[in-house]
Peer 1: 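What follows is a single structure, and I will ask about it in a moment.
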Amino acid sequence: MLKVSRLLFASVLLLTFVALTACESRSKDSATSNTPQLSGDVAVFANQSGKIDIAGGTAHIPVMKKAAEAINAANANITISITGGGTGAGITKVGEGLADIGNTGRALKDQEIEKYGLVSFPFAVDGVAIAVHKENPLTNLTKEQASQIFSGAISNWNELGGDDGTINLYVREDGSGTRDTFESKGLDKDTEIPQAANVVSSNGAMKIAISQDKNAIGYIGIGHLDDSIKGIAFEDIAPTQEQTKDGTYQISRLLYMNTKGEPQGLTKLFIDYIYSKDGARFIEQSGYIPLPK
């Protein structure tokens with residue numbers, strides 16, 4: 001009877017040990033599965049934590065979001081906030097310390113660099129397309145015609161071979177990099193935009209406005225073109241990223257990230273990540289052309 005008790009006791013101990021070992025093994029497996037498996041370009045964010053605030057140009061947002069999602073998937077201890085507001089907001093916010101990265105759709109002016117001590121990082125090439133409603137028969141504009149339209153000298157679509165209808169102008173806000181590029185490269189130098197023109201605050205808002213107004217004309221980053229609106233050829237050159245890249249399409253600009261002084265810590269890691277292979281893929285997926293650092 002004593003031997004049986006001892007055997008039963010030994011069996012219980014053995015089963016308990018096996019059960020505890022199994023639980024420990026499952027616990028380790030679970031911990032391993034919950035630990036971010038970092039590899040490739042995003043691995044630099046391992047063991048990092050903190051926050052990055054990004055603001056400014058709206059053309060940059062698709063790229064920034066894709067990068068942020070990849071980083072967050074690898075390491076949930078990093079928070080990345082992304083807001084628009086346009087080039088002007090990007091300069092002001094990063095310059096005043098309200099953002100770590102200020103995005104701009106144009107190169108900084110000398111006075112902006114001097115005022116805030118900013119450092120620029122061009123990372124992509126983007127074209128700016130003249131756009132109309134998808135049912136508009138217009139297919140091409142010369143620089144002279146575009147200047148006449150956006151100055152109000154041509155005010156009806158029938159003057160361009162279209163149906164009778166007042167041309168509704170849509171432009172970006174003052175300080176917009178997209179606006180600066182379009183006016184400097186798509187219009188004659190002395191062109192004055194009528195105050196009656198409709199002002200929108202982002203590429204997304206421009207796309208929605210044009211898609212809902214059959215008499216609309218405006219301009220938008222080529223990366224934002226889709227089937228909801230119609231991109232117009234400029235001087236017989238279609239607005240494509242391929243023709244922007246080789247210099248054939250003339251209304252183009254660089255996209256910049258800007259920091260106050262040289263970037264440090266997480267901000268530097270993020271900027272470097274945009275220049276990585278992952279970053280180049282995000283840039284191409286967003287419709288832009290990646291640049292080397």
Side-chain angles (χ1 to χ4, degrees), residues 28-85 87 90-91 93-94 98-108 118-127 177 203-204 221-224 226 240-242 244-246 252-293:
K28 287 181 178 179
D29 291 341
S30 177
T32 300
S33 65
N34 291 329
T35 301
Q37 300 299 304
L38 303 179
S39 61
D41 298 323
V42 79
V44 296
F45 295 97
N47 303 318
Q48 298 287 331
S49 63
K51 184 178 181 182
I52 307 171
D53 291 313
I54 303 171
T58 58
H60 308 57
I61 291 178
V63 179
M64 302 292 111
K65 281 188 173 180
K66 290 178 189 298
E69 287 168 0
I71 293 166
N72 289 152
N75 187 345
N77 293 320
I78 298 174
T79 302
I80 303 173
S81 68
I82 302 167
T83 58
T87 289
I91 294 169
K93 287 189 175 183
V94 73
L98 302 175
D100 301 298
I101 298 173
N103 290 327
T104 61
R106 62 166 174 80
L108 296 175
L118 301 181
V119 180
S120 287
F121 299 89
F123 67 92
V125 180
D126 180 32
N203 280 292
I222 289 175
H224 290 262
D226 59 26
T240 66
Q241 293 295 19
E242 291 74 21
T244 300
K245 183 178 183 179
D246 65 20
S252 64
R253 46 105 177 249
L254 301 184
L255 301 181
Y256 299 81
M257 297 176 287
N258 304 279
T259 59
K260 190 176 179 69
E262 291 292 339
Q264 305 293 326
L266 276 179
T267 300
K268 182 181 186 303
L269 290 179
F270 184 90
I271 289 173
D272 288 343
Y273 187 55
I274 295 297
Y275 287 105
S276 71
K277 290 182 180 179
D278 282 356
R281 186 171 68 254
F282 300 149
I283 291 167
E284 291 173 344
Q285 289 173 347
S286 301
Y288 308 131
I289 302 159
L291 291 174
K293 189 171 182 180

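Keep in mind the model is a prediction, meaning the values are calculated, not measured.
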Peer 1: Taking C-beta and beyond as the side chain, do Thr83 and Lys93 meet within less than 4.5 Å on heavy atoms?
Peer 2: yes
Peer 1: Which pair of non-hydrogen atoms, one from Leu108 and one from Ser120, has the smallest distance, and what is that distance?
Peer 2: CD1-OG, 3.1 Å
Peer 1: Can you confirm whether Asn258 sits close enough to Ile91 that some side-chain heavy atom of one is under 4.5 Å from a side-chain heavy atom of the other?
Peer 2: no
Peer 1: Enter the distance from Glu69:CD to Ile80:CD1 here, rounded to the nearest 0.5 Å.
Peer 2: 10.0 Å
Peer 1: In the structure I gave you, are the side-chain heavy atoms of Lys293 and Asp272 within less than 4.5 Å of one another anywhere?
Peer 2: yes
Peer 1: If you take all heavy atoms of Arg253 and Ala59, which pair is closest and at what distance?
Peer 2: NH2-CB, 3.6 Å
Peer 1: Rounded to the nearest 0.5 Å, what separation is found between the CD1 atom of Ile271 and the CD atom of Gln264?
Peer 2: 10.0 Å
Peer 1: If I take atom OG1 from residue Thr79 and atom CG from residue Asp53, how far apart are they, to the nearest 0.5 angstrom?
Peer 2: 9.5 Å
Peer 1: Apply side-chain contact (heavy atoms from CB on, under 4.5 Å) to the pair Leu266 and Gln48, showing each step before the final yes or no.
Peer 2: CA-CA 8 Å; Leu266 276 179; Gln48 298 287 331; 3.9 Å; yes
Peer 1: Among Ile54, Asp100, Val44, whose side-chain contact (heavy atoms from CB on, under 4.5 Å) with Phe270 holds?
Peer 2: Ile54
Peer 1: Could you tell me the separation between the CG atom of Leu255 and the CD1 atom of Ile289, rounded to the nearest 0.5 Å?
Peer 2: 10.0 Å
Peer 1: Roughly how far, to the nearest 0.5 Å, is the CD1 atom of Ile52 from the CD1 atom of Ile71?
Peer 2: 6.0 Å
Peer 1: Which distance, rounded to the nearest 0.5 Å, do you find between the CG of Asn77 and the CG of Asn72?
Peer 2: 10.0 Å
Peer 1: Within the distance-only criterion (no hydrogens, no angle test), does the side chain of Asp41 pair as donor or acceptor with the backbone N or O of Lys277 below 3.5 angstrom?
Peer 2: yes
Peer 1: For Ala74 and Val42, work out which heavy atoms get closest and say how close.
Peer 2: CB-CG2, 3.9 Å
Peer 1: Are side-chain heavy atoms of Val63 and Phe123 found at a separation under 4.5 Å?
Peer 2: yes
Peer 1: Hey, mind stepping through Ile101 and Val94 against side-chain contact (heavy atoms from CB on, under 4.5 Å) and telling me if it holds?
Peer 2: CA-CA 6 Å; Ile101 298 173; Val94 73; 5.7 Å; no
Peer 1: Heavy-atom distance under 4.5 Å between the side chains of Ile222 and Thr240, does that happen here?
Peer 2: no
Peer 1: Does Gln241 form a side-chain contact (heavy atoms from CB on, under 4.5 Å) with Asp126? I'd like the steps, not just the answer.
Peer 2: CA-CA 7 Å; Gln241 293 295 19; Asp126 180 32; 3.2 Å; yes
Peer 1: For the residue pair Met257 and Met64, establish whether any side-chain heavy-atom pair is separated by less than 4.5 Å.
Peer 2: yes
Peer 1: Where do Tyr275 and Pro122 come nearest, in terms of heavy atoms and distance?
Peer 2: OH-O, 2.7 Å
Peer 1: Considering only heavy atoms from C-beta outward, does the side chain of Thr87 approach that of Tyr256 to under 4.5 Å?
Peer 2: no
Peer 1: Answer whether the closest heavy-atom distance between the side chains of Val125 and Leu291 falls below 4.5 Å.
Peer 2: yes
Peer 1: Look at the aromatic rings of Phe45 and Tyr273 and report parallel, tilted or perpendicular, splitting at 30° and 60°.
Peer 2: perpendicular
Peer 1: Run Ile78 and Lys51 through side-chain contact (heavy atoms from CB on, under 4.5 Å) and show every step you take.
Peer 2: CA-CA 6 Å; Ile78 298 174; Lys51 184 178 181 182; over 6 Å; no
Peer 1: If you compare all heavy atoms of Pro290 against all heavy atoms of Ile283, which two are closest, and at what distance to 0.1 Å?
Peer 2: N-CG2, 3.6 Å
Peer 1: Does atom NZ of Lys66 have more than 12 heavy-atom neighbours from other groups under 6.0 Å away?
Peer 2: yes
Peer 1: Would a distance-only check, ignoring hydrogens and angles, find a side-chain to backbone donor-acceptor pair under 3.5 Å from Thr259 to Glu262?
Peer 2: no
